[in-house]
Number of protein chains: 4
Amino acid sequence: MPQRKTQPQRASAPGRRRELLSLAAEVFAAHGYDATTVRRIADEAGMLAGSLYYHFDSKESMLDEILSTFLDELWEGYDTVLAAGLGPRETIEALVTESFREIDRHRAAVAIYQKESRQLAAQPRFRYLTVSQERFERAWLGTLERGVADGCFRADLDVRLAYRFVRDTVWVAASWYRPGGGHTPEEIARQYLSMVLDGIAVRA
Amino acid sequence: MPQRKTQPQRASAPGRRRELLSLAAEVFAAHGYDATTVRRIADEAGMLAGSLYYHFDSKESMLDEILSTFLDELWEGYDTVLAAGLGPRETIEALVTESFREIDRHRAAVAIYQKESRQLAAQPRFRYLTVSQERFERAWLGTLERGVADGCFRADLDVRLAYRFVRDTVWVAASWYRPGGGHTPEEIARQYLSMVLDGIAVRA
Amino acid sequence: MPQRKTQPQRASAPGRRRELLSLAAEVFAAHGYDATTVRRIADEAGMLAGSLYYHFDSKESMLDEILSTFLDELWEGYDTVLAAGLGPRETIEALVTESFREIDRHRAAVAIYQKESRQLAAQPRFRYLTVSQERFERAWLGTLERGVADGCFRADLDVRLAYRFVRDTVWVAASWYRPGGGHTPEEIARQYLSMVLDGIAVRA
Amino acid sequence: MPQRKTQPQRASAPGRRRELLSLAAEVFAAHGYDATTVRRIADEAGMLAGSLYYHFDSKESMLDEILSTFLDELWEGYDTVLAAGLGPRETIEALVTESFREIDRHRAAVAIYQKESRQLAAQPRFRYLTVSQERFERAWLGTLERGVADGCFRADLDVRLAYRFVRDTVWVAASWYRPGGGHTPEEIARQYLSMVLDGIAVRA
DNA sequence: CATGAATGAGTCTTCATTCAT
DNA sequence: CATGAATGAAGACTCATTCAT
C-alpha cells in the first residue's frame, strides 16, 4: 500500500485525511477553535472522538495542517502574481483577485486565520504565521509604495494605513462570503477594486 | 437595545466594578473570551478567582456588561448623528468619525465585539447584539442608498457590498489600533474617509 | 506451578512467537509493564499493534507467558539442586549460582518479575507467582535453618531476615546486570557468595 | 493569612498538603505510580479528583515533591554522618543505620524510589535523582575503598560489586519493611550489618 | 499473517462556580 | 469584601482491543 512520505505520522488514506480536515475546518470556522470540541468534529465525521487520533495527533495539529495548507496555496498564487512583473496597480488588482479566489477555495481556513492567527502566532509551532504575515506586508506595502512613486496611487496617503485598509477590506470578506452565493470571486474582486481604487463617492 | 440586567446581588462600589470590568475587557480582548480564565482576570485584579463572584455573578455577565455598556455609548453617539439631519455624505463622514472615536474609547470592547459577537448572538441573553446589528445595518445601508439616490455616491455599486466594505473597513481597525499611537481618531477617520470616498488611485 | 494456558487461537510459528516474546520482555523490562504500549512492542517487531493479536490474545498474556516460561526454567534448575542431597552451605552456593545463571539467561524476565510480581500476584491469573514464591521461601528458609542446626551458619541470626537478605541480594542484581559485561554469572556468584557467607570485613 | 513562600504555586495549609502527599505516597507505593489514578488518591482523601489540583499542579508534581522531600532528608542525615570524620567501618555502620531510619520514616517514598527512579531519571524534571545517585555512589564507594586501603575491609573484593551488594541489600528492605513490626530500624540495621560485615557463615 | 481503521473505556487536567469563614 | 477549599462537568488524549479486508 503506498505510504506517501508526505503524510505525517501514521498514514491514512489521503482522501479520508483531507475529508476530515475539511470537516474540522468547517467546524472551527463556525464555532471558533477553542469552542470546538474534538467530539464535535468526530460526530460530524460519524466516528468517536478517540478515533480522530488515528489520523491526527492532536486537535492543534489539525488546525496546523488546515492553516499551513491554506497558506501554502495562497503563496503559490501570490508568488505567481508577484513574479509576473506587473505594474503596481495591476499587481494590486491581481493580488486582490487572487485573494478572493483563495477565500472562495478556503473560506473556512481564511475565517479561522482571521480569528485565531494573532493568538496562535505567539506559539512557536505557529511561527510560520508571523513569517507569512511579514512577507504579506512586504508584498502589499512595497507595491503600494511603488505605486505612489509611480504616480499611480495618491501621494497624500499614509501608506501603512492604506495597507491595512486594503488588507482588512479584502480578508474580512471571508467572514460573510458564502461560495455559490450569486457572486463569483472575480466579480466581488472587481467591485472591491472599484471601491478601493476609485472610492464610493461620485467624482467631482 | 441592551437589556438592563438585574444588578449583582450584593452591591459593590461602582468604581471598583468599572475598574474590574475594564480589566476583564482588556484580558478578553487580548486572549479571547473562551481562552480567558476567570482566574486570570482575578490575578490581574490582585484577588482570587472566587472573589470576583462577589462583584459579578458569572464570567458571562462580565462579558455582557462590557458589550452592552459599549453598545449603549455607541448608539448614543450614532443617534445624535442620525438625528442631525445631515446629507448622506456628511452622515457617513460623521458615522465613521464617531466610530473611530468609539474605537478609541472602547478599544477592548470593540475587539471583543468583533471576535465574539457572531457566536454570542445565537444565545438569547445576547439577542441585543443582533438587534443592534440590524439597526446598524439599516442606518448605514439607508444612508448609502440615500446617497446613491442623491447622486453623491456612485450608482454602479452593489450597495450591500459597499455597506460591508465600509463597515468592515472601519471596525477591523480596532484590531490594530493602539490609543495614543500618533494618530487621533479624527485623523484616522479623515484618512479612511478619504480612501473610502475617493479611492487610493490617482484620478484620471 | 505455571498453568498451561490455552495456546493462542490461531497457530503461529513457534520461532516467531518466541522472538516476539523476547522483544516484549525487553521492552517491559526497560520501561515497565504499564508504561509499555502494545504499539511500542509492535514497532520494535516491525508490525502494527493490531497484528500482535494474531499471535497473542492480550498484552497480559504476553506478560504471563514471559513470566511463566522463566519460572518453569528456574524451577527446573532449582529442583535439580534441591534434589542433589547437598549440605546446607553447598545448597546455598548452588542456588545462588543457579540464580545468577537464570539472571543471565532471563535478565528481562527477572527484571519484570522483580518490579511487577507483587502487584500481579493479586490477580487470579498470576496466582502461580505466589505459589512459586512460597516454594521459593520454603526452599531457602529451610536450607538456612538446616544450616543453623548443622552449625555451618551462625546461630545468632534472625533467619527470616537472613532469608530476605540473601534473596534480595541475589535477585536485585538483575536490575544492573548486563550479560556479556566482563563477569560471567559464575564469577558474580562466587563474589556474592564470598560476601554473603564471610562478610566484607576482614576477619579479626 | 501567612503565605509561606516555601510553598509552591497556590498556598494550601502546609498540614493538608503534607497529609495529601503522605496519602499519595502510600498509594503510589502500593500500586505503582503509573497504575495509580489521580482519582484513587482523591478517593482516599475524601475529595474529588479535580480538587487535588487545587493543591498540586499535576500527578507528577506530587511524585516529585514526595521524592525530593525524601532525598532532602536523606542527605541531611548522610551528610551529618559523612562529616563526622569516622573510620570506614564506622561510616558504613552509620550509613546503614541512617538508611534504615530513613526507610522507617519514609517507607513509601523509598519504595517508590526503588521502583520508579530508573525511568524517572531520564526526565529532565527528575535529573536530581541521577545527581543524588551519583553522590550516593561516591559516598559509599569511597568509604569502601578507604576501608580496603585501611585494611579493615577485605582486599580481595570487587569494590563495585561490593558497593552494589551493600546498597541493594539495604534499600530493598523498604519493599518488605513494615514500621512498628517488632523490629526497630536500629535492630534491623545491626542484624544487616552483622551479616554484611561478617557474613552468615560460621567462622572457620 | 498483516494492515488500516475504528471502538470505548478510562486518564489527567481545566475551569467556572459555590460557600463557609 | 475577600480567602481557601472544594465541586462537578467537561475536554483532550491514550490505549488495548477488534475486525473486515
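In what follows, every chain begins at residue 1, and chains take the letters A, B, ... in the order their sequences are listed.
- Of the nucleotides present, F:dT3 is the one that pairs with E:dA20 by Watson-Crick or G-U wobble criteria, both distances under 3.5 Å.
- Checking B:S51 against C:K59, the closest nucleotide of DNA chain F that is more toward the 5' end is the one next to B:S51.
- Here the P atom of nucleotide E:dG8 and the CG atom of A:D43 are 13 Å apart, to the nearest Å.
- Between B:F56 atom CZ and F:dA2 atom C1' the separation is 15 Å, expressed in whole Å.
- B:L63 places its CG atom 13 Å from the P atom of E:dA16, with the value rounded to the nearest Å.
- Whole-Å rounding puts the D:Y54 OH to F:dG4 C1' distance at 4 Å.
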Pair A:Y33-A:K115, side-chain contact (heavy atoms from CB on, under 4.5 Å): steps then yes or no: CA-CA 9 Å; A:Y33 173 71; A:K115 213 188 175 191; over 6 Å; no
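- Comparing A:G50 and D:D34, the nucleotide of DNA chain E nearest to each residue sits closer to the 5' end for A:G50.
- The distance from the OH atom of D:Y113 to the CG atom of D:L63 is 12.5 Å, given to the nearest 0.5 Å.
- Taking atom CG of B:L52 as the reference point, atom P of E:dT18 lies 13 Å away to the nearest angstrom.
- Nucleotide E:dT14 holds its P atom 10 Å from the CZ atom of B:R39, rounded to whole Å.
- Between the NE2 atom of D:H31 and the P atom of E:dT11 there is a distance of 13 Å, rounded to whole Å.
- Across every strand in view, F:dA12 sits in a pair with E:dT11 that passes the Watson-Crick or G-U test at under 3.5 angstrom.
- Checking F:dC15, E:dT13, F:dG11 against every side-chain atom of A:T37, the shortest atom distance belongs to F:dG11.
- One interatomic measurement links the two molecules: OH of A:Y53 to P of F:dT14, which rounds to 7 Å at whole-angstrom precision.
- Taken to the nearest 0.5 Å, the CG atom of A:L67 stands 10.5 Å off from the CD atom of A:E65.
- Set against E:dA16, E:dT17, E:dT13, the side chain of D:A49 has E:dT13 as its closest nucleotide.
- A cation-pi contact, defined as under 6.0 Å to the ring centre and within 45° of the axis, is absent between A:K59 and A:F28.
- Of the candidate nucleotides F:dT14, E:dA5, F:dA5, E:dA5 has the atom nearest to the side chain of A:H55.
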Give the table of side-chain donor-acceptor pairs shorter than 3.5 Å for residues 19-27 of chain B, with sequence neighbours excluded, one pair per line with atom names and distance.
| residue | atom | partner | partner atom | Å |
| --- | --- | --- | --- | --- |
| B:E26 | OE2 | B:R107 | NH2 | 2.6 |

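- Comparing D:M47 and A:E60, the nucleotide of DNA chain F nearest to each residue sits closer to the 5' end for D:M47.
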